[in-house]
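Only one structure is covered here, and it is reproduced in the block below.
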Amino acid sequence: MPKSRIRKKADYTPPPAKQAASIKLTNRAWVAPVMLALFLIGLAWIVVFYVTNGSLPIDRLDNWNIVVGFGFIAAGFAVSTQWK
């Protein structure tokens with residue numbers, strides 16, 4: 001049986017270095033404080049409602065005060081999508 005030719009492998013050449021793509025992020029320093037403030041306002045609204053047996057923060061809203069509190073918390077989550 002004939003001998004096969006031996007192929008010489010090329011020397012290792014590392015792949016070309018990739019240039020780092022510059023990512024320019026806009027300054028959104030306001031997002032974290034606003035997000036945390038909305039979370040805390042929503043939490044405080046609900047806690048005050050339960051602690052005062054429904055007489056505060058707004059008596060006329062009755063159990064809708066819970067919805068208002070969760071609305072603040074939901075707004076905090078909506079603002080958090082802007083954080084980079």
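Taking CG of Leu40 as the start and CD1 of Ile73 as the end, the distance is 9.5 Å to the nearest 0.5 Å.
The side-chain heavy atoms of Val68 and Phe49, taken from C-beta on, include no pair separated by under 4.5 Å.
Linking Ile, Leu, Val, Met, Phe, Trp and Tyr residues whenever their side-chain heavy atoms come within less than 4.5 Å leaves Phe70 and Val48 in two separate clusters. Leu43 and Leu36 fall into different hydrophobic clusters, where Ile, Leu, Val, Met, Phe, Trp and Tyr are joined by side-chain heavy atoms under 4.5 Å apart, directly or via other members.
Every residue meeting the ring-ring contact (aromatic ring centres under 6.0 Å, His included) condition with Phe77, not counting sequence neighbours, appears here in chain and number order: Phe39. Annotation: side chain to side chain contact (heavy atoms under 4.5 Å, CB included) contacts of Ile41 (sequence neighbours excluded): Phe72. Every residue meeting the side chain to side chain contact (heavy atoms under 4.5 Å, CB included) condition with Val31, not counting sequence neighbours, appears here in chain and number order: Arg28, Val79, Gln82, Trp83.
The two residues Met35 and Ser80 come nearest to each other via the heavy atoms SD-CB, 3.1 Å.
The side chain to side chain donor-acceptor pair (under 3.5 Å) pairs that include a residue from residues 41-54 are Trp45-Asn65, where partners are two or more places apart or lie in different chains.
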